[in-house]
2 protein chains.
Amino acid sequence: MAEGSYKQFCPVAMAAETLCTRWTMLLVRELVAGSTRFNDLRRGVPRMSPALLSKRLRDLESAGIIARRRAAKAPDIFEYQLTPAGLDLRPVIEAIGIWGQRWVESQPTLENLDPVLLMWDMRRNLNTEPMGSSRSTIQFIYPELPQVHRTWWLIVEPDNVVDLCSVDPGFDVDLYVTTDLRTMTEIWLGLSTVAKARENERLILTGDKGLEQAMQRWLGLSPFAGIEKIAS
Amino acid sequence: MAEGSYKQFCPVAMAAETLCTRWTMLLVRELVAGSTRFNDLRRGVPRMSPALLSKRLRDLESAGIIARRRAAKAPDIFEYQLTPAGLDLRPVIEAIGIWGQRWVESQPTLENLDPVLLMWDMRRNLNTEPMGSSRSTIQFIYPELPQVHRTWWLIVEPDNVVDLCSVDPGFDVDLYVTTDLRTMTEIWLGLSTVAKARENERLILTGDKGLEQAMQRWLGLSPFAGIEKIAS
DNA sequence: CCGGATCCGGTTAGATACTG
DNA sequence: CAGTATCTAACCGGATCCGG
């Protein structure tokens, strides 16, 4: 047992001992969302130091939540995969996320804008169903942001594999999305919609009319976007 | 926003910022279980320093989870009451508790035996329904423990108010329960039963036959006792 | 008793740089 | 890609003390 123990037999206490240390819940969120490799996990928790990430992964392993094994395809690369106990943490993440969506105010939330997290989340949840049978390239432009984070390309290949680039992949662009980071994040979180943002001209679409009309559908939202916010 | 922020707009991250700091989840558990006063909360988290408890209560207040107000009956005493946002944390505590019951192994759990926590939990969840219409006094004896924690009296008044004493209240005892702390905790957690413990003579009942037969019913168990443990 | 505040030493986490 | 190493700052635990 860890020295930091609560010394309580209560199941809540025993679980919290592992789960409620700094960064751990976000790390579990990334694992539940499907990330398995060290640097993928790191992208999901970019402000966590790699030393602490490494320690937390060892902690989760010894708690029986993940298993560290060599990747099947690349034996020199490690993968962290959820065990049955880890997979069963999904309801915990969902309960916390639902509470956060309902009760954490929008204002402090929207002080934490981050284009990298947003774009990777969008990539992860993109709905390829409304896409055609040929490749679709969508360019996002945040004019307010510094060069490195200003322009992004989302590419849906014919086999429905989704790719994200921050350097021009050279493909013809089917749809240009020009907006600001706050507006795009509000839409992602379900606090606004594509239609509302277009009305207010905070989001401008140019290009393929089909992709334009279908944006609210192909843009997969946050898993918690459907939960109604109660706090202001 | 706190300086310790994760800087992520994700609802899980925003919620975890408040909820996943040390002791906070256990404190919320106590609040959800019904404790409202500083020293009642303290009894539920006895190893938490009062300074940190005070800080956490202020944090929970500024997060909109509890409201600090003077008690209606005793205006010089403060009460910490859950707001609607706080009441809505019950599903979070339940999800964590269920996961803990399922996946945390019994062995580390049962290294955290604590007679004070156990007896107060038993008091809190006692089922008075099988009790008669007159006062019932049940004495618990843990022969292994030092004097101060060896003997406890659970008293159910005719109006179904439950009381817990660690000094002899002087009433006639209706039922004597002699056992060891580990056995009683296992029963409480649903890892054993009154019948099994009596078979193995790890739990001895003496006194009123009705109370004896009904012990498994009047002994309310941990809220998670019904969840099947999967881990060993 | 109730509801804290203060002080100090140890542990944990953040920042940054570096490596096989 | 997958981590270590190092240093500093923040947080936490434990004990003590205080005013009503």
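Letters A, B, ... are given to chains in the order of the sequence lines, protein chains preceding strands, and every chain is numbered from 1.
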Task: Electrostatic pair B/Arg124-B/Glu30, nearest N-O below 4.0 angstrom - done: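 Salt bridge: yes.
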
Task: side-chain N/O B/Tyr6 vs C/dA13 OP1/OP2, d < 4.0 Å - done: no

In whole angstrom, what separates [X]'s [atom1] from [N]'s [atom2]?
X: B/Trp23; N: C/dT11; atom1: CH2; atom2: P; result: 17 Å
X: B/Met48; N: D/dA15; atom1: CE; atom2: C1'; result: 17 Å
X: A/Asn39; N: D/dT4; atom1: CG; atom2: P; result: 13 Å
X: B/Leu53; N: D/dC12; atom1: CG; atom2: P; result: 13 Å
X: A/Phe78; N: C/dG20; atom1: CZ; atom2: C1'; result: 12 Å
X: B/Lys7; N: C/dA13; atom1: NZ; atom2: P; result: 18 Å
X: A/Arg56; N: D/dG3; atom1: CZ; atom2: P; result: 16 Å
X: A/Leu52; N: D/dG3; atom1: CG; atom2: P; result: 14 Å

- [ ] For the residue pair A/Phe140 and A/Trp218, categorise the inter-ring angle as parallel (less than 30°), tilted (30 to 60°) or perpendicular (more than 60°).
- [x] perpendicular

Open item on the list: Give the residues of residues 64-77 of chain A touching DNA chain D, defined as any heavy atom closer than 4.0 Å, sorted by residue number.
Closed with: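 Here the set is A/Arg68, A/Ile77.
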
Establish, from distance only, whether the side-chain atoms of [X] and [Y] form a donor-acceptor pair under 3.5 Å.
X: A/Gln81; Y: A/Thr36; answer: no
X: A/Arg58; Y: A/Ser62; answer: no
X: A/Tyr80; Y: A/Arg68; answer: yes

TODO: Would you mind telling me which residue lines up with the more 5' stretch of DNA chain C, A/Ser49 or B/Asp40, judged by nearest nucleotide?
DONE: B/Asp40

Starting the side chain at C-beta, find the nucleotide from [options] nearest to [X].
X: A/Phe38; options: D/dA2, C/dA5, C/dG3; result: D/dA2
X: B/Ser54; options: C/dC2, D/dG14, C/dA5; result: C/dA5
X: A/Arg22; options: C/dG3, C/dA13, D/dA5; result: C/dA13

Open item on the list: Given 3.5 Å as the limit, does a donor-acceptor pair link the side chain of B/Arg56 with the main chain of B/Ala51, or not?
Closed with: no

Open item on the list: Working note: B/Asp88 + A/Arg102, criterion salt bridge (Lys or Arg N to Asp or Glu O under 4.0 Å); need CA distance, chi angles, decisive distance, verdict.
Closed with: CA-CA 9 Å; B/Asp88 201 35; A/Arg102 276 201 192 128; 2.8 Å; yes

Open item on the list: Classify A/Arg37 by what it touches in the nucleic acid, base, sugar-phosphate, or nothing, heavy-atom distance under 4.0 Å.
Closed with: sugar-phosphate

